[in-house]
2 protein chains.
Amino acid sequence: MKEGPDIAQIGALIGDPARANMLAALTGGRALTATELAGVGGITVQTASTHLAKLEAGGLLAQRKQGRHRYFTLADEAVARLIESMMGFAAGRGHLRHQPGPKEPALRKARICYDHLAGDYGVRMLDSLIASGSIDAVGDGLALTEKGESDLKRIGINVGDLRSSRRPLCRSCLDWSERRAHLAGSLGKALLSSFLDKGWARRTAESRSINFSPEGDRQFLKLFPVDP
Amino acid sequence: MKEGPDIAQIGALIGDPARANMLAALTGGRALTATELAGVGGITVQTASTHLAKLEAGGLLAQRKQGRHRYFTLADEAVARLIESMMGFAAGRGHLRHQPGPKEPALRKARICYDHLAGDYGVRMLDSLIASGSIDAVGDGLALTEKGESDLKRIGINVGDLRSSRRPLCRSCLDWSERRAHLAGSLGKALLSSFLDKGWARRTAESRSINFSPEGDRQFLKLFPVDP
DNA sequence: GCGATGCTTCGGTTACGATCGAACTATGAA
DNA sequence: TTCATAGTTCGATCGTAACCGAAGCATCGC
């Protein structure tokens, strides 16, 4: 007994439905205000305020004041990974939400996971990068190849810039809807950003889903073909 | 809101201190009875019984009856990974236990993590295997090399046998005390088993720590040297 | 200055769940 | 059979934490 770090504290933090909803919403990567988070949690602002204070004290959230707004984000990528891994686990056990909801298909197709692409399209992209020899997959680890680096430069992504950050370039992240890996890390972020910049896709207002335009869809599927 | 799987349920399950203690104890890999688990949770058997029922209903535990005893284990390796990853996260945030306790140093040196070696010795072993070229590390993924396969055969581990199981051979598992990776997967299990079989080390009765004998210590350090 | 908006703090209510004593079932030992 | 041990179920208690209304700050626009 009393062995090791205290998982009960963070378990309890995540264990409240309102807080869990807020955290899941923040996994979308966007900074949200206390009022918005109260909305996603289905509670009043007063209650949300105390919840947010607890989450911040627990080190799960960071906030920055901007005028009279208070923007909350996940404290760092480790929190996002924890949440996503718990989602993957929960999905595997059948701990699904009561009503699947109309937005579910869109989420399964393409959604944002902290700052990179997830869902069917996210998994497909990684598969294609591996098949084309741009990324080496060893066990559950990923590494960019020289071919990959030059291929990416051709679509406007300069890997050298990304390397300067302390964050790992490639990281595999388990997708809860597909139950397979998609690409995270700074490269995952850069790829999604480029899709948005090119106008291939747009983020939706209140949801984590990512909407591809018909043209963007075509381009994406051409760039990341699935092998027959 | 209402997007994705329900993490609040499992968060709440882990969020109770008594349940968290039981889960942490079961991460030791041993099957424990309800009474033993009541002990580690610091509660009466009645209370433990209801907790265990909840954990089982939530898919975190499995039980098997044996005579008048009821043995509980973690449902599968995924649960162990979840618990360990939460421990790693908690340790990183400073969510440590109130009193470090006398057993802490032993735990940091060598302990069992589900079924493989963790702690200083676990990290050291993986480092050494990578340095000697037995294991390839790419990103955070691990893969056994041909050299590794033959080296392991020399110390009595037949990798061919391990491959037949559906479980991955090599897996990296983040160590909460060292904050670095150690070796999990079926190979990690096989290595620890061999140390125990050879008499180099023994499991302790009530704790997760692993005790190396003086001779076992010598052999282990010789087999897995650290590069200067 | 003023009101409006965003958010926090305070106080009091409420509900849920952890807890344990006691009674009950099941298995094993004598 | 009887007694002992392991565990569950029941019932009642109790504490904590989630919750919201109301009041209090802070910041913006005017």
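Treat the numbers as computed from the prediction; the structure is a model and nothing was measured. In what follows, chains are A, B, ... by sequence order, proteins preceding strands, each numbered from 1.
Residues meeting the side chain to side chain donor-acceptor pair (under 3.5 Å) test with B:Asp115, sequence neighbours left out: B:Arg167. Listed by chain and number, the residues in a side chain to side chain donor-acceptor pair (under 3.5 Å) with A:Glu56 are A:Gln63 (sequence neighbours excluded). Residues satisfying the side-chain contact (heavy atoms from CB on, under 4.5 Å) criterion with B:Thr50, sequence neighbours excluded, are absent altogether. In this structure B:His116 satisfies the ring-ring contact (aromatic ring centres under 6.0 Å, His included) test together with B:His182, sequence neighbours excluded. Here B:Tyr121 pairs with B:Phe212, B:Phe220 under the ring-ring contact (aromatic ring centres under 6.0 Å, His included) rule; sequence neighbours left out.
Atom pair A:His69:NE2 and C:dT5:P shows a separation of 12 Å (rounding to whole Å applied). One atom, CG of A:Leu55, and another, C1' of C:dT8, lie 16 Å apart when rounded to the nearest Å. When the C1' atom of C:dA18 is taken as reference, atom CD1 of B:Ile14 falls 18 Å away, rounded to whole Å. For A:Asp16 and D:dC19, the CG to C1' distance is 10 Å, given to the nearest whole Å. Counting to the nearest Å, the P atom of D:dT8 and the CD atom of B:Gln63 are 7 Å from each other. B:Glu56 has its CD atom 11 Å from the P atom of D:dT9, to the nearest Å.
Between D:dA6, C:dA18, D:dA18, one nucleotide has an atom nearer to the side chain of B:Lys54 than all others, and that is C:dA18.
Counted by atom type alone, A:Ser209 and A:Thr204 present one or more donor-acceptor pairs between their side chains at under 3.5 Å.
Taking 4.0 angstrom as the limit, B:His51 places a side-chain polar atom (N or O) nearer than this to OP1 or OP2 of C:dT19.
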If a protein heavy atom is under 4.0 Å from the base, mark B; if only from the sugar-phosphate, S; if neither, -; do that for nucleotides 20-30 of chain C going 5' to 3'. BBB----BS--
